[in-house]
Every structure is written in C-alpha cells, then in structure tokens.
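Scroll down for the structure; my scribbles are underneath it.
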Amino acid sequence: MPNIIEITDFTAPELDVYARLTENQLVNRADPSNGLFIAESPNVIDRALDAGCVPVSLLLERKHIEGQAAGIIRRCGDLPVYTAPLPVLTQLTGFPLTRGVLCAMRRPALPDAEAICRGARRVAVLENIMNPTNLGAIFRSAAALNMDAVLLTPACCDALYRRCVRVSMGTVFQVPWTYLDEGWPTPGLDRLRAWGFQTAAMALTDRSISIRDPRLLEAERLAIVLGTEGDGLAEETIARCDYTVKIPMSHGVDSLNVAAASAVAFWVLGNT
C-alpha cells in the first residue's frame, strides 16, 4: 500500500533532500554508499527504476497520485510519498517541478571503465564538461546515436545532478558510464589504446581531418573525445590522440556548442 503523507511542515527533516540539501551534499563524498540523487518527471524515474536504482521517497503534486505517477507509486511499494498542491511544492523546493514528480534515489555504484568498454565499438570521452545541461544533452545524443559507453574525466560535472538527469531524459541510466579516475590525459588515453581503441580528438587545428575521413569510418573501435565548453580540448589531449577531427562548416562558423558537436560526431561516427 502506498504511504501517502500530506505536507504540513516545510521544515520536516524528511524533506531536506528535496528542499535544502545542495547537489554536493547529496553526493555525500564522505560516505558515498549513502549518496543520493534526484530524478525528476515520471519518464526519468521509470528509466532509473528500470536500471535498478533504489528509491528512497517520492515528492509529487497531489493530482498525480491517481494520475501519471500511479505506476511509479506502485513500483515503489510502501515508501513515503510526500504530496501537496503544485504551488506548495514549488514554494518548498524553490523551483517548478517538471511534470510535478520528484524521486530521491540511492546513488548506484559506478562500474569499472575497462568493464564498460569491453565489447564496445564506439565510446564518447568527455573532458571537463562543466555544464549539467550540456552533459545531459550529450548523454541523450549518445543513447540515440549508437555510443556504447560514456567516459568522464574527473573534472566533469556530476552526471547525476538533477538538471543533467532531467535534460538527458533519463538516458544517463541507459548508457553505461563512469569516470576515468586514474588520470587524464595520461594514463587515460594510454588505457584506451590498450583496450584497442583509436582516439579522435574533436578540435579545429591545422592538421584536423574531416569527420568523414575513411580512416575514422573504418576504425573497428573508436573513442570520440570532446572538450570543455569555451576552451575545448587541452593541447596535450589533442597531441596525444591518434586523430584530430573537425566538422566541416559554412558561413564562417568555426565551432559548435559541445552538445551540438557531439550529436553530429555520434551520428557520423556511430553509424558505421
């Protein structure tokens, strides 16, 4: 039976996870086994549950109890379901809820990088992507356009930030991903080569080759490396990759937003 709890006290500690804890506090780096993240909207929550993420509680607009959140409530068993009208929820959280449903979940343990690359043909490597919106959009493109895994350098933002998860439409739970914690670009690039990948740095230089170069299209295993917003890839990363790759453009445009560039790169190189 669902455990429906009407919100009457905004200061209740059970609501801290939704209203008062920062993203960094949710991560709980001092005790990662008790880290949490927030999934927002029914579709995203369903995808997180499908991936095996463990729910802790739900916060939702009252009208969704018998509506679009009914299936999620059934899947969550007797967990606390905090509810109120939308204006109350917005006042509590400080932001409008997408589709009026939030779910606090345990952070899953991340897999080993070598394990998720085993058997993969195309992987995306993201260097220092700091914007959760961009990261979420890249994950969505990776899922849609045949990337087998996503690898993040340690300075990337958290792929389980609420905004990243929401923008990705829950695809962060569908594409295997983890961090390259051993160091970047060394020994990260060396490890990718040891696993059989050629590496393609997406960057505009004098020696950049077209994204449609046959060597890229014919590569058995390829790691597509994209850099941070603004500065792009570090010079050392570009120098150590097997190829430097550009997307041919017109009208004097020399670059795309990293999320847009990722979609083009994944479409061309993931459909070979």
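Atom CD of E61 is separated from atom OG1 of T83 by 8.0 Å, given to the nearest 0.5 angstrom. Separation of atoms CG (D158) and CG (L135) is listed at 8.5 Å; rounding is to 0.5 Å. Distance check, rounded to the nearest 0.5 Å: CG of L36 to CG of D16 gives 11.5 Å. Annotation: the span from L49 atom CG to C76 atom SG amounts to 5.0 Å, rounded to 0.5 Å. The CH2 atom of W267 sits 12.0 Å away from the OG atom of S141 when rounded to the nearest 0.5 Å. In this structure, CD in E66 is found 14.0 Å from NZ in K63, a value given to the nearest 0.5 Å.
Looking at R166, its side chain never comes within 3.5 Å of a backbone N or O of S41 through a donor-acceptor pair. Side chain of Q198 to backbone of L216: no donor-acceptor contact under 3.5 angstrom is found. D148 places a side-chain N or O within 3.5 Å of a backbone atom of R121 that can act as its donor or acceptor partner. Listed for the T199 side chain is no donor-acceptor partner under 3.5 Å among the backbone atoms of A223. For the pair W195 (side chain) and E114 (backbone), a donor-acceptor distance under 3.5 Å is absent. Side-chain atoms of T153 come within 3.5 Å of backbone N or O of N128 as a donor-acceptor pair. The backbone N or O of A120 lies less than 3.5 Å from a partner atom in the side chain of R221, making a donor-acceptor pair. One N or O on the side chain of T22 and one on the backbone of Q25 form a donor-acceptor pair closer than 3.5 Å. Using modelled atom types, no side-chain atom of T90 and backbone atom of P87 make a donor-acceptor pair closer than 3.5 Å.
Under the 4.5 Å side-chain criterion, counting only non-hydrogen atoms from C-beta, R140 is not in contact with V167. Side-chain contact between L26 and I38: present, with at least one pair of heavy atoms (C-beta onward) separated by less than 4.5 Å. In this structure the side chain of Q68 never reaches within 4.5 angstrom of the side chain of L60, judged on heavy atoms. Proximity of N24 to Y161: side-chain heavy atoms (C-beta onward) are separated by under 4.5 Å at one or more points. Residues L102 and L89 have side chains not in contact (no heavy-atom distance under 4.5 Å, counting atoms from C-beta outward). Side chains of I209 and V245 form a contact here, defined as non-hydrogen atoms less than 4.5 Å apart. Within the 4.5 Å cutoff, the side chain of L151 has heavy atoms near those of the C117 side chain. Side-chain contact check for I138 versus F266: some heavy-atom pair is nearer than 4.5 Å.
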>> Between I4 and R62, is the side-chain contact (heavy atoms from CB on, under 4.5 Å) condition met? List the steps.
In response: CA-CA 10 Å; I4 307 296; R62 186 185 297 133; over 6 Å; no
> Where do L160 and V165 land on the side-chain contact (heavy atoms from CB on, under 4.5 Å) test, with the steps shown first?
Replying inline: CA-CA 6 Å; L160 294 181; V165 171; 4.1 Å; yes
> Between S57 and E14, does a side chain to side chain donor-acceptor pair (under 3.5 Å) hold up when you go through it step by step?
Replying inline: CA-CA 9 Å; S57 65; E14 296 85 357; over 6 Å; no
>> Under the criterion salt bridge (Lys or Arg N to Asp or Glu O under 4.0 Å), I'd like the reasoning laid out for E40 against R163: C-alpha separation, chi angles, the key distance, then a yes or no.
In response: CA-CA 9 Å; E40 182 178 358; R163 184 167 182 80; over 6 Å; no
> Checking side-chain contact (heavy atoms from CB on, under 4.5 Å) for the pair T228/V258: CA distance, chi angles, key distance, verdict?
Replying inline: CA-CA 7 Å; T228 187; V258 65; over 6 Å; no
>> Determine whether I211 and L269 satisfy the following criterion, side-chain contact (heavy atoms from CB on, under 4.5 Å), listing intermediate values before the conclusion.
In response: CA-CA 8 Å; I211 196 170; L269 300 175; 4.0 Å; yes
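Closest of all the heavy-atom pairs between W184 and E127 is NE1-OE1, 2.6 Å. When all heavy atoms are compared, the tightest approach of L180 to A113 is CD2-CB, 4.1 Å. The shortest non-hydrogen separation linking C157 to M130 is CB-O, 3.4 Å. Among all heavy-atom pairs drawn from R240 and L189, the shortest one is CB-CD1, 3.6 Å. Nearest heavy atoms, M105 versus C53: SD-CB, 3.8 Å. What you find for F173 and A51 is that their closest heavy atoms are O-CB, 3.5 Å.
In the hydrophobic clustering of this structure, L152 does not group with V27; members are Ile, Leu, Val, Met, Phe, Trp, Tyr whose side-chain heavy atoms approach within less than 4.5 Å, directly or through other members. A continuous path of hydrophobic side-chain contacts links L217 to L222 [ILVMFWY only; heavy atoms under 4.5 Å]. Note on I247 and L233: separate hydrophobic clusters, where clusters join Ile, Leu, Val, Met, Phe, Trp and Tyr whose side-chain heavy atoms are under 4.5 Å apart, directly or indirectly. One hydrophobic cluster holds both I65 and V101 under the rule that ILVMFWY side chains link at heavy-atom gaps under 4.5 Å. Clustering ILVMFWY residues whenever any of their side-chain heavy atoms sit less than 4.5 angstrom apart, transitively, puts V125 in a cluster other than the one holding L145.
Atom CD of E220 has 12 or fewer heavy atoms from other residues, nucleotides or ligands within 6.0 Å. Under a cut-off of 6.0 angstrom, the local environment of CZ in R212 is sparse, with at most 12 non-hydrogen atoms contributed by other residues, nucleotides or ligands.
For the pairing with E229, the side chain to side chain donor-acceptor pair (under 3.5 Å) check across N131, N134, N257 returns one residue only, N134.
Ion pairing of D50 with R75 is present here, as a side-chain N (NZ or NE/NH1/NH2) and a carboxylate O approach within less than 4.0 Å.
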